[in-house]
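Structure first, commentary second.
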Protein chains: 2
Amino acid sequence: MKKFKCVTDPGVAGLAESLKIISDPNRLRIICLLSKGERCVCEVERELDISQQLTSHHLNVLKDSGFLEMRKEGTSSFYSVNRDRLKWLDDVFMEYLDYRKVAGSEKARGKNQERHIL
Amino acid sequence: MKKFKCVTDPGVAGLAESLKIISDPNRLRIICLLSKGERCVCEVERELDISQQLTSHHLNVLKDSGFLEMRKEGTSSFYSVNRDRLKWLDDVFMEYLDYRKVAGSEKARGKNQERHIL
DNA sequence: ATACTCCATAAATACTTGTTTATATAATCC
DNA sequence: GGATTATATAAACAAGTATTTATGGAGTAT
């Protein structure tokens with residue numbers, strides 16, 4: 001049986017993993033906060049009103065998955081969002097949504113008619 | 001301390017929950033497949049090459065969270081994507097991304113400068 | 001009625017993950 | 001040096017979740 005590419009493409013795992021990383025309230029709040037500019041750990045901690053260890057842990061997870069960048073200055077660690085990484089997720093996610101739109105509407109964009117997801 | 005709305009807004013939980021629902025390879029594949037048109041359970045099962053029970057379970061989760069719709073015909077259940085629900089997630093998610101862009105670039109869209117997420 | 005197909009649900013299992021507790025390191029200040 | 005601040009990490013715990021196993025029910029055909 002011939003299957004659709006979007007159903008067999010191993011890249012789906014990567015998309016799922018990325019979505020899983022950000023599908024947490026605290027992590028979404030962190031990204032949202034840092035989108036306003038660089039912050040150190042204790043600032044994030046105070047803004048979100050969660051423990052220092054929990055803050056540090058989430059920041060680390062987001063950094064390891066490429067969503068955040070970090071720089072040290074004295075005893076502080078400053079975190080900021082990696083917009084390229086967000087854009088990648090945005091793009092891939094949007095390809096899913098666009099694909100859906102294409103399949104659903106008759107006025108689909110022609111150049112995307114033959115494209116596959118991921 | 002005055003906190004940013006995006007950091008305190010309880011709506012973040014809903015966004016996180018929605019993202020968590022779709023942050024699974026099989027569920028992404030289901031949405032992707034159904035975006036090509038309505039399918040019954042056994043068709044999804046065969047396309048994804050997973051067990052009938054697992055297929056049924058994921059379809060049910062996606063239906064309960066509003067991402068899919070279902071109709072019965074004889075002994076078959078046909079599932080299809082709920083584009084309104086996807087659009088809602090798209091919109092909210094995009095507000096996050098757009099907000100980030102606003103905060104990061106000088107050529108931000110003026111009308112969004114004062115807006116908050118969610 | 002019997003057998004078969006399609007689908008749903010419940011229980012059990014295995015695995016992941018968010019959070020807390022405890023502790024360690026490194027820089028700064030007195 | 002000693003105390004304090006800022007951060008990281010490891011272990012333990014609790015809660016959730018994807019998957020499998022087992023089973024039942026409902027429609028269809030012979």
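Computation of the quantities below employed the complete heavy-atom set of this structure, encompassing side-chain atoms and omitting hydrogens, waters and symmetry-equivalent molecules. In what follows, chains carry the letters A, B, and so on, assigned in the order in which the sequence lines appear, proteins first and then strands, with residues in each chain numbered from 1.
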task: Please tell me which of the listed nucleotides, dG18(C), dA8(D), dC7(C), lies nearest to the side chain of Arg27(A)?
output: dG18(C)

- request: Could you check how far CG of Asp49(A) sits from P of dT20(C), rounded to whole Å?
  value: 11 Å

field: N/O (side chain, Ser51(A)) to phosphate O (OP1/OP2, dT19(C)) under 4.0 Å
entry: no

For the student: nearest non-hydrogen atoms of Leu33(A) and Glu47(A), plus distance: CD2-CB, 3.7 Å

field: Path from Phe78(B) to Val7(A) over hydrophobic side-chain contacts below 4.5 Å
entry: no

- request: Answer with yes or no whether Gln52(A) presents, from its side chain, a donor or acceptor under 3.5 Å of a partner atom in the base of dA6(D).
  value: no

- prompt: Lys20(A) side chain: which of dT17(C), dT17(D), dA8(C) is closest?
  reply: dT17(C)

query: Of all the choices, dA8(C), dC7(C), dT19(C), which nucleotide is nearest to the side chain of Tyr79(B) once you look at every atom?
result: dA8(C)

message: How long is the straight-line distance from SG of Cys32(B) back to CG of Leu15(A), given to the nearest 0.5 Å?
response: 10.0 Å

Gln53(B), nearest nucleotide to its side chain (from dT19(D), dT23(D), dT7(D)): dT23(D)

field: Partners meeting salt bridge (Lys or Arg N to Asp or Glu O under 4.0 Å) with Arg71(B) (sequence neighbours left out)
entry: Glu38(B), Glu73(B)

- prompt: Which is true for Ser76(B) with a 4.0 Å heavy-atom rule: it touches a base, it touches only sugar-phosphate, or it touches nothing?
  reply: sugar-phosphate

query: Taking CG from Asp24(A) and P from dT16(C), how many angstroms apart are they, rounded to a whole number?
result: 18 Å

message: So, using side-chain contact (heavy atoms from CB on, under 4.5 Å) as the criterion, who are the partners of Thr75(A) when residues are at least two apart?
response: none

Acceptor/donor pairs from residues 50-58 of chain B side chains to any protein atom, 3.5 angstrom cut, sequence neighbours excluded:
{"unit_1": "Ser51(B)", "atom_1": "OG", "unit_2": "Leu54(B)", "atom_2": "N", "d": "3.1"}
{"unit_1": "Thr55(B)", "atom_1": "OG1", "unit_2": "Ser51(B)", "atom_2": "O", "d": "2.7"}
{"unit_1": "His58(B)", "atom_1": "ND1", "unit_2": "Arg27(B)", "atom_2": "NH1", "d": "2.9"}

For atom CG of Leu54(A) and atom P of dA22(C), their distance in whole Å: 16 Å

field: Exercise: do Ser18(A) and Arg85(A) side chains pair donor with acceptor under 3.5 Å
entry: yes

task: Round to a whole Å and report the spacing from CD of Glu47(A) to C1' of dA6(D).
output: 17 Å

field: Interatomic distance, Arg71(A) CZ vs dA8(D) P [rounded to whole Å]
entry: 13 Å

- request: Quick one: which residue pairs count as a salt bridge (charged side-chain N to carboxylate O under 4.0 Å, His left out) with a foot in residues 10-25 of chain A, not counting sequence neighbours?
  value: none

Look for any protein N or O under 3.5 Å of an N or O in nucleotides 25-30 of chain D and output each such pair with its distance, or none.
none

field: Arg46(B) CZ - dT5(C) P separation (whole Å)
entry: 11 Å

- prompt: Which atom pair, heavy atoms only, marks the closest approach of Pro25(A) to Ala13(B)?
  reply: CG-CA, 4.3 Å

- request: Give the rounded distance in Å between these two atoms: CD1 of Ile21(B) and P of dT17(D).
  value: 8 Å

query: Using a cut-off of 4.0 Å on non-hydrogen atoms, how would the nucleic acid contact of Ser56(B) be classed: base, sugar-phosphate, or nothing?
result: base

- prompt: Between the side chain of Asn82(B) and the main-chain N/O of Gly66(B), is any donor-acceptor distance below 3.5 Å?
  reply: yes

query: By a strict heavy-atom criterion of less than 4.0 Å, which residues belonging to residues 57-70 of chain B are in contact with DNA chain D?
result: His57(B), His58(B)

message: Measure CZ/Phe78(B) against C1'/dC6(C) and give the value in whole Å, please.
response: 11 Å

